[in-house]
There are 2 protein chains.
Amino acid sequence: MEFDKLVHQPTRLQLFAHLYANGETSFSALTDDLEITEGNLASHIGKMEEADCVAVNKQFVDGSPQTTYRLTEHGEDLFEAHVQTLEELIDGLDS
Amino acid sequence: MEFDKLVHQPTRLQLFAHLYANGETSFSALTDDLEITEGNLASHIGKMEEADCVAVNKQFVDGSPQTTYRLTEHGEDLFEAHVQTLEELIDGLDS
DNA sequence: AATGTGACTTTGTATCACAAAGTATTATGT
DNA sequence: ACATAATACTTTGTGATACAAAGTCACATT
């Protein structure tokens, strides 16, 4: 039973889950939905990028910058593995 | 979606799960099963005690000290709530 | 009394999350 | 062209945290 610290950390776990469930999502949508500060989001997303878990897309929409993020395949794989680890832990409670 | 840091931390999450599933467990069984050092176990269990999540029982068995731990009701409640939070996160992935 | 075992406690360190404030990029308005 | 505004970061500082390693303590047996 191993926990990947990158994925398990609460804020990032929610980021992974959000991106996994909702697909490509904008910076501001993430700060709004997860109720975290911009600095914090940038920091956590940065670590996910470094680990090749997240791909970034920057563009201008209606005259304003808009950055969107999505999970890479590797990010999806890591998250799925982590969810499985959690499910195993939960399933093991019945025994 | 809130994560209780006390419960979510990987080593303690496994401690909670182990005590929840197996009931009263000895110090040495915990270091063996979770593969953590004695110092580390003492430290994490200490935090769980402080939070009234764990009850301790010290005795001598066959001339050797043996400490056992079990979850308090409060500990069980906290863990169950946390598991539910995790399940909700996982269930939300389908949408 | 001396030794041994189990269960801690102490000490030190490196990492980390977070908040707050500062900065950079580009668009729009005048 | 210049100033301003909006988004998306980056920097700085701080307090908390996990962990390893080593030291200590209580009690029982010999």
Side-chain angles (χ1 to χ4, degrees), chain A residues 1-19 22 24-51 53-71 78 82 85, chain B residues 1-19 22 24-51 53-71 78 82 85:
Chain A
M1 187 83 66
E2 313 153 358
F3 288 97
D4 184 332
K5 266 179 105 175
L6 176 77
V7 188
H8 192 67
Q9 195 279 334
T11 304
R12 286 193 298 267
L13 187 59
Q14 298 196 54
L15 276 171
F16 269 101
H18 191 291
L19 293 176
N22 300 13
E24 195 151 17
T25 309
S26 72
F27 187 90
S28 55
L30 289 173
T31 56
D32 290 353
D33 293 351
L34 304 188
E35 296 183 337
I36 54 180
T37 62
E38 295 169 4
N40 235 281
L41 174 57
S43 163
H44 283 298
I45 281 274
K47 281 168 192 171
M48 292 163 73
E49 277 183 67
E50 273 178 40
C53 290
V54 160
V56 186
N57 182 14
K58 302 189 185 198
Q59 51 187 328
F60 268 80
V61 176
D62 294 335
S64 294
Q66 190 185 45
T67 305
T68 59
Y69 303 94
R70 63 178 176 76
L71 288 187
L78 258 182
H82 195 82
T85 302
Chain B
M1 187 84 66
E2 311 153 358
F3 288 97
D4 184 331
K5 265 178 106 173
L6 176 78
V7 187
H8 191 66
Q9 196 279 333
T11 302
R12 286 192 299 266
L13 187 60
Q14 298 195 54
L15 276 171
F16 269 101
H18 191 290
L19 293 175
N22 301 5
E24 196 151 16
T25 310
S26 71
F27 187 90
S28 56
L30 288 173
T31 57
D32 290 352
D33 293 353
L34 303 188
E35 297 183 337
I36 54 180
T37 63
E38 296 169 1
N40 234 280
L41 173 57
S43 162
H44 283 299
I45 282 273
K47 281 170 192 169
M48 291 163 73
E49 277 183 67
E50 273 178 40
C53 291
V54 161
V56 186
N57 182 13
K58 303 189 185 200
Q59 51 186 329
F60 270 78
V61 177
D62 294 335
S64 294
Q66 188 184 45
T67 305
T68 57
Y69 304 94
R70 62 176 176 78
L71 288 187
L78 257 182
H82 195 82
T85 302

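Owing to the predicted nature of the structure, the values given are computational and were not obtained by experimental measurement. Throughout, a chain's letter reflects where its sequence line sits, starting with A, and its residues are numbered from 1.
A:S28 approaches A:T31 most closely through the heavy-atom pair O-OG1, 2.8 Å. Of all the heavy atoms in B:A42 and B:F27, the pair that sits closest is N-CE1, 4.3 Å. Nearest heavy atom pair, residue B:I36 against residue B:L30, reads CG1-O, 4.4 Å.
Here the nucleotide nearest the side chain of A:S64, chosen from D:dT7, C:dT5, D:dC27, is D:dT7.
The phosphate of D:dT7 has neither OP1 nor OP2 within less than 4.0 Å of any side-chain N or O from A:T67. One finds a side-chain N or O of B:Q9 lying less than 4.0 angstrom from the OP1 or OP2 phosphate oxygen of D:dC19. A:Y69 has a side-chain polar atom (N or O) that falls below the 4.0 Å cut-off from OP1 or OP2 of D:dC9. In this structure, B:T11 does not reach the D:dA18 phosphate: none of its side-chain N or O atoms is under 4.0 Å from OP1 or OP2. Side-chain N/O atoms of A:K58 include none lying less than 4.0 angstrom from OP1 or OP2 on C:dT25.
For B:N40 and B:H44, the side-chain atoms include at least one donor-acceptor pair closer than 3.5 Å.
Within the 4.5 Å cutoff, no side-chain heavy atoms of B:S26 are placed close to those of B:Y69.
The NE2 atom of B:H8 sits 15 Å away from the C1' atom of D:dT17 (whole-angstrom rounding). As rounded to whole Å, 12 Å separates atom P of C:dC18 from atom CZ of B:F3. Here the P atom of nucleotide C:dA27 and the CG atom of A:D62 are 13 Å apart, to the nearest Å. We find that CG of A:L6 is positioned 16 Å from P of C:dT15, with the value rounded to whole Å. Atom CD in B:Q14 sits roughly 14 Å away from atom C1' in D:dA18 (whole-Å rounding). Atom CD1 in B:I36 sits about 16 Å away from atom C1' in D:dA21, given to the nearest Å. In this structure, the NZ atom of A:K5 is 7 Å from the C1' atom of C:dC16, given to the nearest Å. In this structure, CG of A:L13 is placed 13 Å from P of C:dA17, rounded to the nearest angstrom.
Heavy-atom distances under 4.0 Å link DNA chain D to A:E38, A:G39, A:A42 of residues 37-50 of chain A, given in residue order.
In this structure, the side-chain contact (heavy atoms from CB on, under 4.5 Å) partners of A:N57, at least two apart in sequence or on a different chain, are A:E24, A:Q59, A:T68.
Ring orientation note: the planes of B:H8 and B:F3 are tilted relative to one another, at an angle of 30° to 60°.
Annotation: of the two residues near DNA chain C, A:R12 and B:S26, the 5′-most nearest-nucleotide partner is B:S26.
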